[in-house]
Structures are given as C-alpha cells and as structure tokens.
Amino acid sequence: MEQGRLSGRATPGGQLFDRNSSSPPQYSQGPARFYLPRPSLFSPYARLAPPPIQPSSLISSEGISLKTISELGGLHQMLGLHEHVFAAVPRDSTISLPDYQSSNRMGASFETPCGRLLIKPLQYMEMISSMKPNMWATLADEVPAWVSEKRNKASVDRTTGGAVFGSIVGGSKIEERKRCAEAVAERNVSGNLISEVGNTMPLGSVRKWSGCDRETDDILGFCLGGFGLGESMDERPSLLGAITNVKEILPEEKPRQICGLGLPEEVLQGVAAGIDLFDSTYIYHLTLGGFALTFPLEEIRRHGYGDQLSDTGRDGSKINLKATIYRKDTSPILEGCKCYTCQNHTKAYINHLLNVHEMLAQILLEMYVPNSLPIAVALFLGRVILTRNFCHLSSHNTHHYLGFFQMIREAIKGGTFEEFRQNFVETRRDHILAAALSA
Amino acid sequence: MLGIESVTAETSAPLTNPKPPPPKFNLRLAAAAAGAKVQAAAGVKILGRFNRARAAQLTLPHFVCQTPLFMPVGTQGTIKGLTTSQLEEIGCQIILGNTYHLALRPTSELIDELGGLHNFMNWPRALLTDSGGFQMVSLLHLADITEKGVTFQSPVDGKPMLLTPEESIQIQNRIGADIIMALDDVVKTTITGPRIEEAMYRTLRWIDRCIAGNCPVTHTWKLDDTYLLVKDICVKGLVERDLPGYAIGGLAGGEDKDSFWRVVAQCTAALPEDKPRYVMGVGYPLDIVVCSALGADMYDCVYPTRTARFGTALIPEGVLKLKHQAMANDTRPIDPTCECMVCKNYSRAYIHCLVTKDAMGSQLLSYHNLFYMMKLSRDLHSSIVDGRFPHSRMEMSHNGFAMLWRKKNKTNLGTSNSEAGYCKIDTIRGVKESDVITSVNGVSIFNEPEACAVLGKDRRVNWNEGFEIGSS
C-alpha cells in the first residue's frame, strides 16, 4: 500500500497528520465503502475516484448460500464489480447492529432483519473465505462507551481471545488498550484475518485489520470499534484522541478505519483525530426522507455562502424534495453539480416522483447510476452499494458526499483543514439557527 | 393556450365526404426539437413485407420509429425503476404515459407549464398518451358514460366530474405527447347486445367532435370493441375519417385467443395500409408475433415490467420464475444468449435473493424484460425487412405454437381475404425442422394454406409454403 506523509502531526496550530498522501480520509459509504489507497484511483473532483465497497459480512439464512458465492467466484464476480475493492466488516449501521448484550464467548451477536444472529468465529471465517473480499475485519465484540469495566474487559478478552482468528481485543482503559494494541501489533495474523478490537469504555478500542496480501502477515491497518453506538459527539474527540494520539498504540503508517460516524460533522471529528476511512448510512437515511444534500462544495463555495443564508426556514445543507415549493422548480438539485441526477433532471420531476411513490426517486437521490445501472443492494450481505463507473454517473447524494470527502482531502493537502472544518461547522450551525428562529 | 398551429381551417364537412384533416403539429414540440424541421408528413413508410406482416418506419415529431415495436408503459411519468438513460440504452422508441394518472398528479397544467412531458421527465424520444377513458371506467366507481362524455367521481374530492372527448384531447395536448388518443366509449369485452352498437356509434360521434371541435391533435387514434360485426361498421366509419392512425382496443380483457386473433385479423384487413395499427394491451411475446404477422405495428402492455416486479424474467423458452427455490444456487445468468447488461453481469442466484426483498431485484428484471421486448421488436422489424420473417425467433412455450395461414375460407362471419389462426401443438418432440403441420390438435388444415410455421428443435421458426404430411 502506498504510504506517504504530507505534514506533521496535527497540533492546535492546524496541521493535520496525513497518513497517506494518495488517500487522506475518504468517505466510505454505508453500507460502507472503504477507500483503498491506490494512486491510479485518485482523480480530481469532477471524476471521483471509485470508493471501495464494504459489505456487512453477515449472511442471513435467507440469503445466498456460501457455496454459491464461492461458485460464483466471490463478491467481485457476484456483484459484477471487478475493479472495486471490497472490505468486509461484520457491522453495518442499518441491518447488522452489534448487540453487545447478547454477545457471549461463543460469538458476537447482531440485530438483523432476520432476527438476532450469533456469529461464531469459525462461521465468520467461512463467510470471508467464500466472499473473498480484498480486506476484512475480524469478528469483535463491540460495546458502547457506557458499559461497565467488567464488560469492557470481557469484550477485550473475547475479541483477542480466540486463537481461531488471532484477534486481539482492545480495552477500555488505556492500559487495556495498550495491551491490546501491542498484542495486535506484535502478533502476526495470517491470511486476511483482521483483528477486531472490541470497543469498550470511554476510550473506544482499536481494531486492526489486514488485507490485500495473503502471503504477508503484516496487518494492514486498524479499525476502531465501538463508536457510533450512542456516545455523544462531545465525548467522542477525547475517546478518539486517546487512541490516535498515542503513537505507541497505532503506528502512523497504517490507516485507521471507523464505523458508525456518518454526519459531516462527525466525519470532520474523525478526520481531525486522524481517521482515514469511514462508513456510514447517512446517505441512505437522507434519501429515505426525500432529502438531497446541497451544502456548498468546492467550486460552488465561492458563490454560495451568502445566498444560502438568505433562504428563510431552509437548512443550507440539504433540501427536502417532497416540499411543495419544488413542484414547479425546473432547476437541478444543485447548480453546477456533475452527478447524473443534476445533469438530467429537475427538482420538479423528483418532487413528482416522491409524491407518487415511485422508486425512481430513490435511485436518483441516493444511488450511483453507473452506466445507468441502479445500485444493487444485497440485503443478505448488509447493504452493498455497487458502483461500476461512478464518476459523473453517480446520483446526487452519493456524488455530493464523495465530493465532500474530496474537499477534506484537499483541505488537508493545502494545510487548511482546521479552517475548513470550523467554517463548515459554523455555517451549518448558523443555518439551523436561522431556520429555528424563523420558524 | 397551447400554442398550436392551425395549418388549415378545420372543416365541418359532412362525414360522407370528409377532406382529410391535415396533420397538425404542436408548435411547442416542434420548437423543442432543437430547431429541427417540422416533419410535414408524419406517417408510415413501409420498408418490407411478408404476407400480411409489415416492417415500417413511423415518423413522429420526436423520433423516427421502426415498427413492429413494443411500447413500455410508464404510468406516472417513469418506467418503474429505470432511468431514461437506461431506456435509451435498451432501445425503447416510444413510451406510454397515462393521461388519467398524470392529470391527477402532477396535473396536466403543471406539465404544460414545465414544457410538456418530454421535458418534465427528460425523455427525448416519442411519447404516447391514452385518452384516460379506460382508467376512468375501470378504476373509478360510479363512472357513467353518457352522450356528453364520461362522468365519474373525482378521486380527490368525490365531486362528480365530466370528461368530454374535447377535454381529453385538451389534457393530452397539454401533456404534449407525439401520439394522442381520442376518447372512446369503452365497453367490456364480455358484453353483447345493443350496448355495443350504441358504444360504437357514440365513439364515432365523439371522434367527429374531436375533429370538428378544432382540437389540435398530432395523431388521432381510435379504439374498437370486440364485437366483430359491429366492428366492421366501426372500422369503415373510422377509415372514412382518414385519421392519422388506428388503434385496436378492448382486446386485453381475457377473451379467448380464438376470438382475439380473429378480431385483429379482421381489423387489420380493413384498415388502410399507410396508417399505423396499434393493438392495445398486447404484451405476451407470442401474441406480438402473431399480431405482427397479421399486420399490426405497435403494441403496449404492462406485462414485462409488472412481471419483473413479481420476480419473473422473460426468456426465449418462456418465463423464468426467479423466486423459485431452484434459482437459489443457479450461477448462470438469466439468459445466456441475452446481451443485456443484467445477463452479462449477474447470476440467477444473486437476483433470486434480491427479488422481493429489494427494489434492485425488480429493477434488474425490468431492465432485462424490456431489453427482451425491444430485441423482439427489432428482430421482427429486421427479419421482415430482410425477407427473413420465416426465420425470426418466435418465443414459445415448451409445447410450442404454430401459426397457420389459411387461404380464403368460408366462415359464418362473412368472407375475409385471408384468415390466420394459431393453435397449440401438443408436443414438439419428434417434429423436425422440415416437418410441416397438417393438422393441429386434431383439427385438420384447410386446403391450400398459404404458410405455416413450425417450431424446430432449436426453437427457431421456419415458415414453409404449402403443407405436407410428415417430413420432407
């Protein structure tokens, strides 16, 4: 994997630690997309680099059988996305929620549409080997930030415990964390097994993941588990920082991934703390409600800010296309946006589609329409968003959000991340305030 | 107003001696065609024939179409789950829009304000709208057909509303389709008796109102009913009025196949050659092939897309029910011979687990099914043009179907120039390609039949002249 450094560690002064020059924090969408850094994939804003895909590795009993997936040749063949990178994690914020109360020493428990499933390590490994993702995370016992110490410790032990997957569990306290991380760092994990470190207590935990190369025993990176399970935004930075700021725990040259942080502000928090890869289901939930993202991106920013504030009762970052004011609006969702939807359709049309409950509305708002192919959502694997030739064909919200990540990357490269972040957060706060006041 | 250009003043000439109304074009449409010249003669140009089948070119303001063609139904301004780019990719030429639904939401006035349905949904090719009559009668309670028009209860507020033929045309013009339909008096196919006659004559009167009322139309089409005798009069009456095109309707209601093809055969025999013939509601691939052989040009149906949403794919051998457990481990594509994006990239097993659980399943199947129908249309067209109609693929069930043409045949329906029928062959086993059918299901063939189709083992159809028993 390409490694590179742009600048030193983040300090209050404003330089952000950049792990990887070709892939600074990248948004991976939920059902997640990781971004595997590859120089060839890096492209300018107008043609967004293909983000990797993350399926939740949870295969329900009603889904496709493992044998059939193997026969098909794994995920890449089954989903027809040969040039994509797949990263498999067991957790998914929409259909595979970690259920820490039911996990036990036999396996990790998840709430899925098919009920509560207990996934045992061996079972999990079978899934992984038939799916053949590019990289994958080990099964972990993820717990939210407020559980007891004892539970924390248990999660750490469980995750590291089984020699089956050689995973290492991180702990809640710093000592536990260190214990875990050290064990992870030292331990050679064979194959594509990814060590998952359970999230416990205030500090969150560290998950290691490896992938790419079966031959090497080197762990590719770390995955921080236990976030996005309900901790407040205020306490999160300290949780994150406790891990990422300590060099001994996480070597700098390995990327860090996190699940469950979806809102732009949360992403910015994560980026500030040094996370590289994100997954979330933010876009999915937005689209369900008929929302379209409109916060200004790079080129638009120059023209946009002042005008945004003048709209009364409107959140400057997104619009609800179900509102009747858009009935006759023949403008695209966002002027200047290069996504398929904005290049081809008007707000009035999407408003109509939403009103008559046509599924095309969701397609146009959320999904990539690569080569005019709607996104495939493989329910049994968690939600997988497939893309073929994303780029200008992607649909609005996805395209927009990827653009947001592009902006983050450029801000980091240009050394202006902190300003960018503050600007962004404040502008959104102002809009919400204005909307609330005028309501 | 609509910005319609009147080419000449509409005459109120008596019906017996009508001057053909000159084609009228919606100026807005013409302007929207990026300055392209208004096509003065939107009509049918026949490029090839085989017996009664025709392959033609239909020129419309937005697109030049090749017939025979199938039109997917996009009820509310979209084909369910597919973008307009995908539809273009598949090869759709004309799409249907449903007047009733669009007039309800988002209203024809809004569509008009936003530049017509083409602009609204961003579909650059042709559109066809129906008159709204069918939905009104089938969907709404207390619909009542009187001389003035169709009265029904508005679904919005329950008040009684009246849809007149003129109003229907106005709504359709606001929507702005290339082809619009005149309101007809819709009767159920199962009805017999004087009601049918009444319906027929009323329909003719309504057509006159459409024409005489100076309603600008791009094409006017007419619906028939199924009662054959009456249809003769109806057809004659319509032909006299020299409309831009003709539609044969009232046939999708589940009448038996024998009546079905007889009606189509009779109508196509009587309708003028240089006008397109549209058989409404015909969607099964076999029916389309049969009607094309009888001389029809255009078809529409919800069948391919609706069956896709229920998990059924159309394949040459018939249908494939992807919900079936047997599909769960089948790693082949839906149809190995199909070249659509779905068959090139996805396996049956994958679609099996998507279908009914996720919208994506129905989208993929809709894509495939429509691709299949478009391919069928293209094959029909090119095989007639190339003189290969004998070899066009006829989609059949395992039991096979044969299409028979018989020469002049006395029937109790009066004489007709030729009659066509199709019957089910019990089994295709043992039928060689060179075999010719002489009797079907125990019914013997009339003498000197004109042509016959045989389903070969490779599922190709051969049309042979003449009949013989056994193999040649």
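So you know, we letter chains A, B, ... as the sequences are listed, proteins then strands, and number each from 1.
Taking CZ of B/Phe120 as the start and OG1 of A/Thr346 as the end, the distance is 6.0 Å to the nearest 0.5 Å. Here the straight-line distance linking atom CZ of B/Arg105 with atom CG of A/Asn351 works out to 11.0 Å at 0.5 Å rounding.
The number of heavy atoms from other shown groups lying within 6.0 Å of CZ (B/Arg378) is above 12.
Annotation: side chain of B/Thr84 is not in contact with side chain of A/Asn344 (no heavy-atom distance under 4.5 Å). The shortest distance between side-chain heavy atoms of A/Tyr340 and B/Thr83 falls below 4.5 Å. In this structure, the side chains of B/Ser347 and A/Glu71 stay at 4.5 Å or more apart for every pair of heavy atoms. At a threshold of 4.5 Å between non-hydrogen side-chain atoms, the residues B/Glu113 and A/Arg327 do not count as touching. Inter-residue side-chain proximity for B/Leu110 and A/Lys328 is flagged as met; some heavy-atom pair is nearer than 4.5 Å. The side-chain heavy atoms of A/Ile363 and B/Gln363, taken from C-beta on, include a pair separated by under 4.5 Å.
Without hydrogens or angle criteria, A/His352 side chain to B/Gln76 main chain gives a donor-acceptor distance under 3.5 Å. Side-chain N or O atoms of A/Tyr349 include none that pairs as donor or acceptor with a backbone N or O of B/Asn122 at under 3.5 Å.
The minimum heavy-atom distance between A/Met359 and B/Arg309, with the atom names listed, is CE-CD, 4.1 Å. In plain terms, the two heavy atoms of B/Gly81 and A/Leu360 that are nearest each other are C-CD1, 4.3 Å.
Contacts of B/Ser366 with chain A are absent, with no heavy-atom separation under 4.5 Å from either backbone or side chain.
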